[in-house]
Amino acid sequence: ATLSAARYGKDNVRLYKVHRDQETGVQTVNETTVCVLLEGDIDISYTKADNSVIVATDSVKNTIYLLAKQNPVTPPELFGSILAAHFPAKYSHIHATHVKIVTHRWTRMTVDGQPHPHSFYRDGTETRNVEVSFHRNGGFTIKSSIQGLTVLKSTGSAFHGFVRDEYTTLGETWDRILSTDVDATWEWANFPDLDAVQKVVPAFDKLWEDARKITMDTFAKDHSASVQATMYKMSEQILAAEPLVEHVTYSLPNKHYFEIPMEWHKGIKNTGKDAEVYAPQSGPNGLIKCTVSKK
Ligand SMILES: O=c1[nH]c(=O)c2nn[nH]c2[nH]1
């Protein structure tokens, strides 16, 4: 037997940092859940029970908190890169780091018509995430994503013209509910070093805002012929929004809402154009994926 791959570290490191603006008194919060995994000359800790090469996962956790104290934690692409670069710089036998940061929403409250200086609410389970992989000789691969943004449109979605054969029972529709949990990822061109990441910092927040707007605007406005067609339009627009992005990937569950026939009860019409009451389905669900890349 041979050890063909190995990486280890600390997962589910919950991190909160507050910024206090001394002049305005406005406080800003950031809450994330972090995973840092290390790769390198660590084989003997697996194959020979030799722990001399192990940076303890507890030390990894300590390092995450210390670097969060000493560095900006936003944008997550920057903090993820700072975290990823630290370990190969500190430990000569660690050659690569894989970082995942999940950012939870704390949306500032509006109180008495004004943004409140230090009060926030969790508006949904949507998260803003990054995955940063760094190799000593390979620079930074950064993937940014929006996940868990649940959307629904009550019309403006059709699905017809698909294969009809002896396996098909699904009826064609020109007007259906469409709902999904958005999982959209955009992959940046390789950054050779931390300076290259620092130079692009403003683009990270901007593209997250643009990608979120593109996703919701397209979802709302597109007369959707299918999940496939609509997600391709979203992907094209994100690619066009930022030259440094090389691939855009969407993974969208099709969360079905079934019509409930009622004509058996006194002839009540509740299907097709008369449908008003539906049964939201927990499963099965369609799952539609695509990756769209620069030419
Ligand atoms: O948008 C859709 N795409 C599909 O591939 C599909 N299959 N059943 N319903 C569907 N809706």
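Atoms within a ligand are numbered from 1 in the order they appear, just like the ligands themselves.
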- Item | Side chain to side chain, Thr28 and Trp106, heavy atoms closer than 4.5 Å | no
- Item | Close side-chain approach of Ile82 to Leu194, heavy-atom, < 4.5 Å | yes
- Note on the structure: If we number the atoms of ligand 1 from 1 as shown, the ones under 4.0 Å from a heavy atom of Gln228 are 1 (O), 2 (C), 3 (N), 4 (C), 5 (O)
- Can you find a pair of side-chain heavy atoms, one from Thr33 and one from Leu15, that are under 4.5 Å apart? no
- Geometric N/O contact Phe159 with ligand 1, under 3.5 angstrom: no
- Message: Taking the side chain as everything from C-beta on, heavy atoms only, tell me whether Glu259 gets closer than 4.5 Å to Tyr278.
- Response: yes
- State the atoms of ligand 1, each with its element, that fall below the 4.0 Å cut-off from a heavy-atom position in Asn254. 1 (O), 2 (C), 10 (C), 11 (N)
- With heavy atoms of Ser226 as the reference, note each atom of ligand 1 found under 4.0 Å away. 1 (O)
- Task: Consider ligand 1: state whether an atom of it lies below 4.0 angstrom from any non-hydrogen atom of Arg176.
- Result: yes
- Query: At a 4.0 Å threshold, what atoms of ligand 1 neighbour a non-hydrogen atom of Val227?
  - Reply: 1 (O), 2 (C)
- Message: Tell me if the centroids of the rings in Trp186 and His247 come within less than 6.0 Å of each other.
- Response: no
